[in-house]
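These notes concern the structure reproduced below.
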Amino acid sequence: MASSLNMLSPNFKEDLLGCLFGGDIPGCLLTCICPCITASLGRTKVDGRFDQWGWCDCLCGSSPYAVRQQIRKNNGYAEDRIMDCLGACLCGPCYIYQNAKEAGVTVIMPPNMGRL
């Protein structure tokens, strides 16, 4: 779904409001209720250690902005720090969800729920 907010995330395949309009209600709810889980899933996927996700990744947090910069670097997208900053400020959960989806995460639950 195209949105006027796409200018906040140029080159991204996932729509910024994909959480709301993409049909992934469980992923959207998880991201809205506990964004740290979705953010940590995106971070570990971008870092190449998705199978090593643990609760410390969730509890110690990650910067969605830093994750976005790494996604841009990994995918060869042009830098757009101002728009990335605005996107993070305007709709944090949507931004986190978009990062995770762009990194290739299916946002439902972490792969290793019991691991610290």
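In this text, all values refer to a predicted model and were calculated from it rather than measured experimentally.
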(message) Would the distance check show the side chain of R72 and the main-chain N or O of A78 forming a donor-acceptor pair, the cut-off being under 3.5 Å?
(response) yes
(message) Are L86 and L16 linked, directly or through intermediate hydrophobic residues, by side-chain heavy-atom contacts shorter than 4.5 Å (ILVMFWY only)?
(response) yes
(message) Side chains of Q98 and D15: any donor to acceptor distance under 3.5 Å?
(response) no
(message) Using a 6.0 Å cut-off, check whether atom CZ of R81 has over 12 heavy atoms from anything other than its own residue.
(response) no
(message) Can you confirm whether R68 sits close enough to S63 that some side-chain heavy atom of one is under 4.5 Å from a side-chain heavy atom of the other?
(response) no
(request) Please tell me if the side chains of Q70 and R43 come closer than 4.5 Å, counting only heavy atoms from C-beta onward. (result) yes
(request) Can you measure from SG (C85) to CG (D80) and round to the nearest 0.5 angstrom? (result) 11.0 Å
(message) Does L59, at its CG atom, have more than 12 non-hydrogen atoms belonging to other residues, nucleotides or ligands within less than 6.0 Å?
(response) yes
(request) Return the minimal non-hydrogen interatomic distance between C91 and C94, and the atom names on each side. (result) SG-SG, 2.7 Å
(message) Given 3.5 Å as the limit, does a donor-acceptor pair link the side chain of S40 with the main chain of I37, or not?
(response) yes
(request) Enter the distance from F50:CZ to T44:OG1 here, rounded to the nearest 0.5 Å. (result) 5.5 Å
(request) Identify whether V105 and I96 are in the same connected component of the hydrophobic contact network (ILVMFWY, side-chain heavy atoms under 4.5 Å). (result) no
(request) Starting at OG1 of T31, measure out to NZ of K101 and round the result to the nearest 0.5 Å. (result) 9.5 Å
(request) With rounding to the nearest 0.5 Å, note down the distance linking CG in L41 to SG in C58. (result) 8.0 Å
(request) For Y77, enumerate each residue passing the ring-ring contact (aromatic ring centres under 6.0 Å, His included) test, keeping only those at least two apart in sequence or located in another chain. (result) F12
(request) Drop me the distance from Q69's CD to N99's CG, to the nearest 0.5 angstrom. (result) 9.5 Å
(request) Classify the side-chain pair Y97/D24 by whether it contains a donor and acceptor separated by less than 3.5 Å. (result) yes
(request) Taking all non-hydrogen atoms of both residues into account, name the closest pair between E102 and E14 and its distance. (result) OE1-N, 3.1 Å
(request) Kindly compute the distance separating OH (Y65) from SG (C89), expressed to the nearest 0.5 Å. (result) 10.5 Å
